[in-house]
Amino acid sequence: MLIKKELKNLENKIKDLKKKRNAIILAHNYQLPEVQDVADYRGDSLELSRIAAQTDAKVIVFCGVHFMAETASILSPQKKVLMPDLNSGCPMANMLTALDLKKLKDKHPKAAVVGYVNTSAEVKAQLDVCCTSTNAVAVISALKDKEEIIFVPDKYLADFAEKNTGRKLIKWNGFCPTHVKIIPEDIKREKKFHPFAKAIVHPECLPAVVAMADVALSTSKMCQFAKETEAKEIIVGTEVGLIYRLKQDNPTKEFYPASEAAVCPNMKRVTQEKIIWSLEELKEEVRVPDKIRLRAQKAIDMMLKII
Ligand code: 13P
Ligand code: SF4
């Protein structure tokens, strides 16, 4: 643990380097507190990509996982998108390769192909439309005249979309290894301890967990819900890193993690020292080759048109 004075020195160094490089720092809501503290913006996958596309900064230090930095680079190819730790991957995104998807499409040639943003750029290049946890239901609803719909890679987000649209989807066997650690017993126990609390969960959770929650939302929608609800206590069924922001934004409310086991190690790889290294060396750059980028962008643009 860094002591306070050291942290201040690092924070000042990051401020100077940001100015020198004309850079901004984007941090996903699951990042370590020390990273969230130096971020210009915090957000969910969709929000961060949109900010990346809109900023005037020349350099974007993306503190999140690889597919998020790729999405930012797809939307803003003229900017330099850096990851302070290139090993921050998303195991769910890695459960589906471009070849896997090609084979699935060959089996269902007439199906529309929807893919969660938690996919590689190569996979996105094969989608008709992308979606996030915020808009999966809206995207599936917009495809009402399609007879068949493939939904990859998250089988639990697909299940959530099925329940909320009444559509049957062709699914892939992908899932988030962090969110499946939250089990129905966790929600039951926390509800028993905190009978007046609302339970909010991420749609990547097991369907049985989603069914027990008051509402299933993306990470930033959870932040919005926490601000707007009259409830003073909230059980949070997602990666534990979100609690830091929830507490900062709502100091008079209590937040209880549904499970302390819900930690995404990939989201914890970035530190302030790595951000300094990234800004000094301008590394590691994430760039998507044009051939893939242009096709992947079409799927993202289609999503942005729908929502
Ligand atoms: P959000 O888009 O809701 O932030 O989710 C991203 C993610 O990877 C959740 O595990
Ligand atoms: Fe991927 Fe799950 Fe980590 Fe999100 S929490 S980045 S879906 S492994």
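Counting from 1, the numbers follow the sequence of the chain as shown. Order of listing sets the numbers, starting from 1, for every ligand and every atom in it.
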* Give yes if a backbone or side-chain nitrogen or oxygen of Ser218 is under 3.5 Å from a nitrogen or oxygen of ligand 1, and no if not. => no
* Of all the atoms in ligand 2, which lie at a distance below 4.0 Å from a heavy atom belonging to Asn118? -> 7 (S)
* Nearest protein heavy-atom contact for atom 2 (Fe) of ligand 2: which residue, which atom, what distance? -> Cys176 SG, 2.3 Å
* How far does OG1 of Thr219 sit from CG of Asn29, to the nearest 0.5 angstrom? -> 4.0 Å
* Asked: Between His179 and ligand 1, which residue portion shows a heavy-atom distance shorter than 4.0 Å: side chain, backbone, both, or neither?
  -> side chain
* To do: List the closest protein heavy-atom neighbour of atom 2 (O) of ligand 1: residue, atom name, distance to the nearest 0.1 Å.
  => Ser45 OG, 2.5 Å
* Asked: Quick one: does ligand 2 sit under 4.0 Å from the side chain of Asn266, the backbone, both or neither, non-hydrogen atoms only?
  -> neither
* Any chance you could lay out the salt bridge (charged side-chain N to carboxylate O under 4.0 Å, His left out) test for Arg287 and Glu70, step after step, and finish with the verdict? => CA-CA 7 Å; Arg287 193 171 279 282; Glu70 262 189 348; over 6 Å; no
* **Identity and separation of the nearest protein heavy atom to atom 3 (Fe) of ligand 2** => Cys264 SG, 2.4 Å
* Could you walk me through whether Lys171 and Val152 pass the side-chain contact (heavy atoms from CB on, under 4.5 Å) check? -> CA-CA 6 Å; Lys171 302 175 207 172; Val152 291; over 6 Å; no
* Asked: Asn118: heavy atom below 4.0 Å from ligand 1, yes or no?
  -> yes
* From Met83 atom CE to Leu86 atom CG, the distance as rounded to the nearest 0.5 Å -> 6.0 Å
* Asked: Would you say Ser133 contacts ligand 1, with heavy atoms under 4.0 Å as the rule?
  -> yes
* Asked: Glu204 heavy atoms, cut-off 4.0 Å: which ligand 2 atoms fall inside?
  -> 2 (Fe), 7 (S)
* **atom 5 (O) of ligand 1: nearest protein contact (heavy atom, Å)** => His202 NE2, 3.3 Å
* Heavy atom of His28, distance to ligand 1 below 4.0 Å -> yes
* Structure fact -> Quick note on ligand 1: atoms under 4.0 Å from a heavy atom of Tyr30 include exactly 9 (C), 10 (O)
* Structure fact -> Rounded to the nearest 0.5 Å, the NE2 atom of His179 sits from the CD atom of Glu239 at a distance of 7.5 Å
* Asked: Which value, rounded to the nearest 0.5 Å, describes the distance between Asn250 atom CG and Glu228 atom CD?
  -> 10.5 Å
* Minimal non-hydrogen separation, Pro203 against Ser133, with atom names -> CG-CB, 3.9 Å
* To do: For atom 1 (Fe) of ligand 2, grab the closest protein heavy atom and report residue, atom and distance to one decimal in Å.
  => Cys90 SG, 2.4 Å
* Test salt bridge (charged side-chain N to carboxylate O under 4.0 Å, His left out) applied to Glu280 and Lys13, step by step -> CA-CA 10 Å; Glu280 276 174 344; Lys13 197 158 184 185; 3.7 Å; yes
* Structure fact -> atom 8 (S) of ligand 2: closest protein heavy atom, distance to 0.1 Å, is Pro91 CD, 3.3 Å
* Asked: In Å, rounded to the nearest 0.5 Å, how long is the span from CE of Met212 to CD1 of Ile183?
  -> 10.0 Å
* Grab the two heavy atoms, one from Pro84 and one from Phe62, that are nearest each other, plus how far apart they are. => CD-O, 3.3 Å
* Is there a heavy atom in Met267 that sits closer than 4.0 Å to ligand 1? -> no
* Salt-bridge test for Glu185 and Lys188: reply yes if a basic N is under 4.0 Å from a carboxylate O, no otherwise. => no
* To do: Tell me which one of Glu239, Glu204, Lys221 gets a heavy atom nearest to atom 10 (O) of ligand 1.
  => Glu204
